[in-house]
Structure formats: structure tokens, C-alpha cells
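Every value quoted in this text rests on a predicted model; they were computed, and no experiment measured them.
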Amino acid sequence: MRTTQSAIGDVADYLCMALHAIDDVSDAIDVTREFLFPFELRRWLKLALVAFFIGGSTSAPTGNFNTGGTPSDTPGQQPGQLPDGIPSTLPDDFLLIVGLVVAAVLVIGLTFAIIGSIMEFVFIESLRSGRVSIRRYWNRRWRQGIRLFGFRLLIGLPFLLLVVGWLALLLVPLLTGNAAPGIAAFVIGIPLIFLAALVYGVIDGFTTAFVVPLMIQNDSGVLAAWGRLWSSVKAEWKQYLAYALVAFGLGIVAAFLLSIVVGIGAVIVAIPFAILGGITYLALSFSTAGLVIIGVLAAVFVVALIVLAALAQVPVLAYLRYYALLVLGDIEPDFDLIPDRRPVADE
């Protein structure tokens with residue numbers, strides 16, 4: 001009887017502890033609404049600029065450069081010709097061009113990542129104070145943003161190398177004509193990649209959700225903030241586990257809703273551009289002037305889509321960050337960055 005009561009008590013204690021992650025789901029809505037409304041266009045545009053750098057994930061398009069493979073044994077086909085007899089037109093400095101393109105993509109990607117790391121602090125400072133000031137928070141927190149970028153690079157490179165090596169297990173044997181060992185190694189490596197992705201996702205997610213606020217609170221570096229958080233995680237691991245599970249579900253729901261909103265908005269925005277493009281084609285066909293106008297319309301449309309997506313991300317990111325801040329403050333009152341905003345959430 002005593003054992004049964006003890007087990008029931010343990011379950012009750014666990015449920016009570018997990019209430020932080022559950023109760024704050026609705027509390028974060030109230031705090032987010034107070035922060036974002038009444039609507040001010042200039043304020044939302046500032047937040048959209050921040051969201052552009054920190055929201056979602058970015059991916060660079062990849063290209064497959066094909067040089068024609070090995071020469072064919074077909075009679076009459078010369079080694080320097082493509083299968084249809086057309087000579088190859090690859091320039092002599094082809095590899096140099098590829099190298100420059102790759103270098104440019106890396107520079108742009110790293111620059112984007114650095115700015116995004118600094119913007120994490122700009123965003124949390126804005127949520128904390130209720131005032132949006134990119135320049136002020138940037139000047140105050142850019143050094144910590146650089147440290148955050150370095151930490152993200154430090155944990156991201158090993159995972160990236162692991163994924164590249166895993167893919168090489170499949171691709172290299174395929175290219176050499178012996179696919180069976182590669183396929184077997186590829187399949188065997190799936191659980192390892194899944195585990196590595198899980199560990200990387202948790203570390204990166206907790207860094208963004210909890211470590212950045214702790215860096216702001218104590219004006220510290222990444223490792224010092226992680227040290228404080230880790231002590232709390234060891235003492236309240238059930239709380240943080242509950243947060244991780246709930247936040248994962250919220251992220252899926254948010255991504256789904258965001259895709260719907262952006263998709264509908266893209267269709268609406270595309271209508272006037274399609275009409276103008278059609279009129280331009282009918283009037284000028286594919287003349288030089290027509291192509292210039294169509295190109296300008298396409299560029300403006302892309303910019304409009306980027307702005308639309310960034311604006312749509314503002315409430316989503318604000319909600320998810322506020323949710324993490326509320327949970328962090330409930331678990332450890334000393335970690336609370338938004339105590340003055342909690343009465344609104346608790347009403």
C-alpha cells in the first residue's frame with residue numbers, strides 16, 4: 001500500500017513539475033499579443049528585419065557539374081566531344097570559376113550566420129524591454145553575438161563532417177562501381193546520424209532558447225552561461241525534458257501554419273505581378289525592353305516574398321522565444337528576464 005502511494009506521489013510530482021512547459025503555452029500567447037499590438041508598421045518592419053536573419057533555416061542551392069563522363073567507344077566519336085558530337089565548351093578556367101562561386105557562397109553564408117547570431121541578442125533584448133531598437137542592441141551585444149557564432153560553428157562543423165562522411169560511405173562505392181558495401185555502411189550509419197542530429201539539435205536549441213538570455217542577464221560568454229544552465233538542467237531535468245518535447249511540437253505546428261500563411265500570401269502577391277508580366281509580354285513580347293521589365297517585376301516579386309515571409313515569422317518567433325523565457329523563469333526564478341511581463345501572462 002505504501003509503495004503504491006509512493007508511486008502515485010511520484011507521478012503527481014512529475015505532472016506538477018511538467019506544468020511549467022504546459023501552462024506557459026497559453027501564457028506566451030498573452031505576452032506576445034501585448035508585445036506586438038497595437039500594430040505599428042515601422043516596429044513590425046524592424047522585427048521583420050531581425051526575423052529575416054534568425055528565423056527558420058537557410059539552404060544554399062547545389063549544382064551538379066557534369067563534364068560528360070568518360071569518352072564513348074562509339075565509332076567516330078572523338079574523346080573531346082559530347083555524345084551527340086558537339087564539342088565541349090567548358091572554359092579553361094572552369095575550376096577557377098567553380099572555386100570562386102563556392103568561395104562567394106561560403107562568404108555570404110558566414111556573413112549571414114554572424115549577423116543572425118548578433119540578431120538573436122537584438123531580438124531577446126527587444127522582447128525583454130518591449131522596445132525595438134536594432135542599432136542600440138547591436139552596439140551593446142555584437143561581441144556576444146560573435147561568441148555565439150563561434151560556438152555554433154564549433155558544434156556545427158563536427159556534425160557536418162559526420163554527415164559528409166556518412167554520405168561518402170554511399171557515394172564513393174557507387175562511383176567506383178561497387179555499391180553493396182556502401183549501401184550496407186550507409187544503412188548501418190542511420191542510427192548514428194539520427195543520434196548525432198538529436199544531440200546537436202538539443203544543444204543548438206537550448207543555446208538559442210536559454211543560453212542567449214543568460215548571456216544577456218549576466219553579460220557573460222557562451223560557456224559561462226552554459227555552465228549556469230547545465231547546473232539547472234541536472235537539478236531540474238524533467239522540467240527541461242518537458243520543455244524540449246512541448247517546444248518540438250510547437251515548432252512543428254508553427255512551421256505548418258507559417259507555410260500556409262506564406263503560401264496564401266504568395267499567391268495573392270503573385271496576382272498583380274502576373275497581370276503586369278502578361279501585359280508586358282503582349283505589348284513588347286521578348287524584346288529587350290520586355291525582358292528588362294519582366295526581370296524587374298521578377299526581382300520585385302522575390303523581394304516582396306522575402307518581406308512577406310519575414311513579417312509572417314515575427315509573431316511565430318516572438319511567441320516561441322517568449323515561451324522559452326517564461327519556462328526558464330518558472331524553472332529558475334533567478335534566470336527570469338521578464339518578471340515585469342509575467343503579471344500580464346498570469347491574468
Side-chain angles (χ1 to χ4, degrees), residues 53-64 98-99 101-121 123-124 141-176 181-216 220-234 237 240-241 243-245 247-248 251-252 255 317 320-321 324 328:
F53 287 100
I54 71 174
S57 60
T58 58
S59 58
T62 58
N64 180 22
V98 173
V101 170
V102 172
V105 171
L106 287 176
V107 170
I108 293 173
L110 290 175
T111 302
F112 195 95
I114 292 173
I115 296 175
S117 296
I118 300 173
M119 286 297 189
E120 292 284 1
F121 292 89
F123 196 56
I124 295 299
R141 300 295 178 183
W142 70 267
R143 293 177 181 84
Q144 289 177 301
I146 297 296
R147 295 176 184 176
L148 175 63
F149 165 75
F151 181 79
R152 285 174 166 176
L153 192 65
L154 183 65
I155 65 173
L157 279 179
F159 178 70
L160 177 61
L161 293 175
L162 179 62
V163 172
V164 171
W166 176 58
L167 293 175
L169 292 175
L170 176 65
L171 297 179
V172 172
L174 284 176
L175 295 176
T176 57
I183 295 175
F186 181 83
V187 173
I188 293 174
I190 291 177
L192 175 62
I193 294 298
F194 176 80
L195 179 61
L198 180 63
V199 173
Y200 169 76
V202 171
I203 295 175
D204 184 63
F206 274 38
T207 299
T208 300
F210 300 137
V211 171
V212 169
L214 292 179
M215 291 175 68
I216 290 175
S220 65
V222 183
L223 297 182
W226 250 113
R228 298 184 66 210
L229 178 64
W230 183 244
S231 299
S232 179
V233 170
K234 289 189 294 184
W237 65 270
Y240 289 100
L241 176 61
Y243 164 80
L245 295 175
F248 179 75
I252 294 176
L317 289 174
L320 293 177
R321 294 295 195 274
L328 182 64

Would you confirm whether [X], through its side chain, and [Y], through its main-chain N or O, come within 3.5 Å as a donor-acceptor pair?
{"X": "Ser220", "Y": "Ile216", "value": "no"}
{"X": "Gln144", "Y": "Gly221", "value": "no"}
{"X": "Ser232", "Y": "Arg228", "value": "no"}

Reported [atom1]-to-[atom2] distance for the pair [X] and [Y], which is rounded to 0.5 angstrom:
{"X": "Leu223", "Y": "Met215", "atom1": "CG", "atom2": "CE", "value": "9.0 Å"}
{"X": "Ile155", "Y": "Asp204", "atom1": "CD1", "atom2": "CG", "value": "5.0 Å"}
{"X": "Leu198", "Y": "Ile193", "atom1": "CG", "atom2": "CD1", "value": "12.5 Å"}
{"X": "Thr208", "Y": "Leu320", "atom1": "OG1", "atom2": "CG", "value": "11.5 Å"}

Ignoring hydrogens, what is the shortest heavy-atom contact between Leu153 and Pro158? Give both atom names and the distance. O-CD, 4.4 Å
According to salt bridge (Lys or Arg N to Asp or Glu O under 4.0 Å), does anything in residues 111-121 pair up with another residue at least two apart or in another chain? List the pairs. Glu120-Arg152, Glu120-Arg321
Residue pair Phe151, Ile203: steps toward the side chain to side chain contact (heavy atoms under 4.5 Å, CB included) verdict: CA-CA 10 Å; Phe151 181 79; Ile203 295 175; 4.2 Å; yes
For Phe53, ring-ring contact (aromatic ring centres under 6.0 Å, His included) partners two or more places apart: Phe112
Run the side chain to side chain contact (heavy atoms under 4.5 Å, CB included) test on Leu162 and Trp166 for me, step by step, so that the C-alpha distance in whole Å, both residues' side-chain angles and the decisive distance to 0.1 Å come before the verdict. CA-CA 6 Å; Leu162 179 62; Trp166 176 58; 5.6 Å; no
Does some side-chain heavy atom of [Y] sit less than 4.5 Å from a side-chain heavy atom of [X]?
{"X": "Phe248", "Y": "Leu245", "answer": "no"}
{"X": "Trp142", "Y": "Phe121", "answer": "no"}
{"X": "Tyr243", "Y": "Phe210", "answer": "yes"}
{"X": "Leu229", "Y": "Trp226", "answer": "yes"}
{"X": "Val211", "Y": "Phe206", "answer": "no"}
{"X": "Tyr240", "Y": "Val202", "answer": "no"}

So, applying side-chain contact (heavy atoms from CB on, under 4.5 Å) with Phe149, which one of Ile118, Ile114, Ile115 is it? Ile114
Run the numbers on Val212 and Phe123 for side chain to side chain contact (heavy atoms under 4.5 Å, CB included), then give the verdict. CA-CA 10 Å; Val212 169; Phe123 196 56; over 6 Å; no
